[in-house]
2 protein chains.
Amino acid sequence: MRVIISLTEENYLKAIYTLSHLFEESEVSTNQISDHLNNKAATVTDMLKRLSEKKLIHYIPYQGVKLTEKGRQTAIKVVRKHRLWEVFLVDKLQFKWDEVHEIAEQLEHINSDELIQRLDKFLGKPKFDPHGDPIPDANGQLNIVKAIPLNQHKIKGLFTFVGVCEHSKTFLQHLTSIGLKIGDTLKVEEINEFDNSFKVKINKNNSQFFSNKVASNILVEIKK
Amino acid sequence: MRVIISLTEENYLKAIYTLSHLFEESEVSTNQISDHLNNKAATVTDMLKRLSEKKLIHYIPYQGVKLTEKGRQTAIKVVRKHRLWEVFLVDKLQFKWDEVHEIAEQLEHINSDELIQRLDKFLGKPKFDPHGDPIPDANGQLNIVKAIPLNQHKIKGLFTFVGVCEHSKTFLQHLTSIGLKIGDTLKVEEINEFDNSFKVKINKNNSQFFSNKVASNILVEIKK
DNA sequence: ACAAATTTTTAGACTGGTCTAAATTTGATC
DNA sequence: GATCAAATTTAGACCAGTCTAAAAATTTGT
Ligand SMILES: [Mn+2]
Ligand SMILES: [Mn+2]
Ligand SMILES: [Mn+2]
Ligand SMILES: [Mn+2]
């Protein structure tokens, strides 16, 4: 008794999944969802009733919502597809990392298990997408990224750039113009007390300043 | 003033395009469309009004319908995407030729000109899809295939297998089990008057009989 | 603890895409 | 040319997904 999940429903499930991780709370509110999807709250309420009916979410009126196991599996599969397609677009079709999100938003709804499995293999079973986000495996398991934003490390020293918090086109293009790519080594030489900017060397290049806003949106690991 | 064309509308335009070529008539009837799309005739009439409103078809009530230039461009672009994705699935992901149609039915609606252009290049700008159907180029130009079904050649001799009329999974699988692939050489050794079956050698293999039904659904060119 | 502000739900409406049943048009046949 | 069958359109309904406006519940602040 396989229930059919529409494209719209998939987007709601993905939004709930994303928001619950973003705010590290299990309950997601109607307004959070309506903001995220650019829908009105009333519209969201209607959909929540339908998703609840289909046992994809636990919904208590006025109390917010969380995914059931079935809902979580569905959401994570959409995320898996999204990220795999982004890898395809960048690695195989030479798109830039700031150009792929909108296309992946469409491709993530293509429905074929065989296709995902073969695409995954074709791409070499990648673990991360072009933005450093982890790709859930076929069983829905996902490497939790323990990286934290650069500005939360209050220390000088060597870091590896492993991902971004902000995924907007403008931010990604900004990083490109700075000359920063996933995997680069960052040497923090100074932390400026005045404006909390960071003086940083990318790989072996000249040093430059990262604003605190930039530093707060790039995820790094301490380099071993 | 770019009008938005929905997935459903794209499917109607493609159906009209396909049917007008299938029957070599410029006017397509409501019932032909409703049969092809498994919709009721009343539903089709509603949609024809909407497509006409959007200047995608010429529609005169009771008189059938044909595509405007804009409608034709839209339809042919969907066909181009469908066939390019089929090439991708077979050439890059190693799907069999009988497994790709349903997935391509979904992928053909992904909307990104840049994506199609890059996919085309990635695939080596193929001229034909895995079933031998011609792929329209970026300007909507399409090689007209002059091949005709094997059973319409009433002569013995050498032919090249270039395409199929029937695209069903069962027929394609049948050809595979016969051992027949696009590009194979067929040597017609006998045409049986009793049941109009064909005694044929594929490449240099043992000869076998093709029923008239099979012979009527495989497109061949006389081998030079 | 209560009033005000905020959040959420309900009520009612609209569009796109579908259906069934009934009416209309076309065109074939006598 | 009138009659009848088939094709097509119209009328009226339904569902998914969206909206606005109003009502209800919850949270916040004094
Ligand atoms: Mn993305
Ligand atoms: Mn990504
Ligand atoms: Mn196909
Ligand atoms: Mn094909």
Side-chain angles (χ1 to χ4, degrees), chain A residues 2-16 19-20 22-23 25-66 71 74-75 78 105-106 108-109 111, chain B residues 2-16 19-20 22-23 25-66 71 74-75 78 105-106 108-109 111:
Chain A
R2 184 90 251 99
V3 321
I4 287 161
I5 299 170
S6 72
L7 181 150
T8 310
E9 289 168 338
E10 284 191 346
N11 280 336
Y12 274 88
L13 295 174
K14 188 174 64 145
I16 295 164
L19 290 167
S20 72
L22 210 55
F23 299 107
E25 280 168 19
S26 64
E27 306 286 328
V28 175
S29 75
T30 302
N31 270 1
Q32 284 176 327
I33 299 169
S34 80
D35 282 3
H36 191 78
L37 296 178
N38 289 306
N39 276 339
K40 299 298 165 184
T43 306
V44 173
T45 301
D46 282 354
M47 180 56 89
L48 295 182
K49 286 187 209 150
R50 266 173 277 157
L51 293 173
S52 180
E53 203 67 41
K54 288 189 176 184
K55 309 279 187 212
L56 293 163
I57 60 175
H58 298 292
Y59 170 53
I60 306 165
Y62 297 101
Q63 303 298 297
V65 86
K66 63 182 178 187
T74 306
V78 175
E105 286 290 305
Q106 297 181 58
E108 72 190 6
H109 302 291
N111 180 7
Chain B
R2 181 90 251 100
V3 321
I4 286 161
I5 299 169
S6 72
L7 183 150
T8 311
E9 289 168 337
E10 284 192 346
N11 280 336
Y12 275 87
L13 294 174
K14 188 174 66 146
I16 295 164
L19 290 166
S20 71
L22 209 57
F23 299 107
E25 281 167 19
S26 64
E27 306 284 329
V28 176
S29 76
T30 303
N31 270 0
Q32 284 176 328
I33 299 169
S34 81
D35 281 4
H36 190 77
L37 296 178
N38 288 305
N39 276 340
K40 299 298 166 181
T43 306
V44 173
T45 301
D46 282 355
M47 180 56 88
L48 295 183
K49 285 186 209 150
R50 267 173 276 159
L51 293 174
S52 180
E53 204 68 41
K54 290 189 176 184
K55 311 279 187 213
L56 294 163
I57 60 174
H58 297 291
Y59 171 52
I60 305 165
Y62 296 103
Q63 304 298 297
V65 86
K66 63 181 174 186
T74 306
V78 175
E105 286 290 305
Q106 298 182 58
E108 73 190 5
H109 302 291
N111 181 6

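Computed from a predicted structure; not experimentally measured. In the text below, chain A, chain B and the rest are named by the order of the sequence lines, each starting its count at 1.
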Whole angstrom value for the distance that separates [atom2] of [N] from [atom1] of [X]:
| X | N | atom1 | atom2 | answer |
| --- | --- | --- | --- | --- |
| Asp46(B) | dG12(D) | CG | C1' | 11 Å |
| Leu7(A) | dG17(D) | CG | C1' | 12 Å |
| Asn11(A) | dG17(D) | CG | P | 11 Å |

Are any of [X]'s side-chain N or O atoms less than 4.0 Å away from OP1 or OP2 of [N]?
| X | N | value |
| --- | --- | --- |
| Thr43(A) | dC19(D) | yes |
| Ser6(A) | dG17(D) | yes |
| Tyr12(A) | dA16(D) | no |
| Arg50(A) | dG17(D) | yes |

- At the 4.0 Å heavy-atom cut-off to chain B, mark where contacts on DNA chain C begin and end, going 5' to 3'. dG16(C) to dT26(C)
- Which residue pairs pass the salt bridge (charged side-chain N to carboxylate O under 4.0 Å, His left out) test when at least one of the two sits in residues 33-42 of chain A, sequence neighbours left out? none
- Val65(B) side chain near Ile33(B) side chain, heavy-atom distance below 4.5 Å: yes
Straight-line distance of [X] [atom1] to [Y] [atom2], nearest 0.5 Å:
| X | Y | atom1 | atom2 | answer |
| --- | --- | --- | --- | --- |
| His58(B) | Gln63(B) | NE2 | CD | 15.0 Å |
| Lys49(B) | Ile57(B) | NZ | CD1 | 11.5 Å |
| Thr43(B) | Asn38(B) | OG1 | CG | 11.5 Å |

Qualifying residues under side chain to side chain contact (heavy atoms under 4.5 Å, CB included), relative to [X], sequence neighbours excluded:
| X | result |
| --- | --- |
| Asn111(A) | Gln106(B) |
| Thr30(B) | Ala41(B), Val44(B), Thr45(B), Leu48(B) |
| Gln32(A) | Leu19(A), Phe23(A), Val28(A), Ser29(A) |

- Query: Looking only at atom types and distance, does a side-chain atom of Ser34(A) sit under 3.5 Å from a main-chain N or O of Asn31(A), one as donor and one as acceptor?
  - Reply: yes
- Item | Residues within residues 34-42 of chain A bordering DNA chain C, heavy-atom distance below 4.0 Å | Ala41(A), Ala42(A)
- Message: Categorize Thr45(A) for me: base, sugar-phosphate, or nothing, with a 4.0 angstrom heavy-atom threshold over every strand shown.
- Response: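 Base: the residue Thr45(A), judged by heavy atoms under 4.0 Å, touches a nucleobase.
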- Item | Heavy-atom pair with the smallest gap, counting every atom of Ser26(B) and Ser20(B) | O-CB, 4.3 Å
Table please: side-chain donor-acceptor pairs of residues 7-15 of chain A below 3.5 Å, with sequence neighbours left out.
| unit_1 | atom_1 | unit_2 | atom_2 | d |
| --- | --- | --- | --- | --- |
| Glu9(A) | OE1 | Ser6(A) | N | 2.8 |
| Glu9(A) | OE1 | Lys54(A) | NZ | 2.9 |
| Glu9(A) | OE2 | Lys54(A) | NZ | 3.0 |
| Glu10(A) | OE1 | His109(A) | ND1 | 2.6 |
| Asn11(A) | OD1 | His109(A) | NE2 | 3.0 |
| Tyr12(A) | OH | Asn39(A) | ND2 | 2.7 |
| Lys14(A) | NZ | Glu105(A) | OE1 | 3.4 |
| Lys14(A) | NZ | Glu105(A) | OE2 | 2.9 |
| Lys14(A) | NZ | Glu108(A) | OE1 | 3.0 |
| Lys14(A) | NZ | Glu108(A) | OE2 | 3.0 |

- Note on the structure: Residues of residues 51-64 of chain B with a heavy atom under 4.0 Å from any atom of DNA chain D, listed by number, are Tyr59(B), Pro61(B), Tyr62(B)
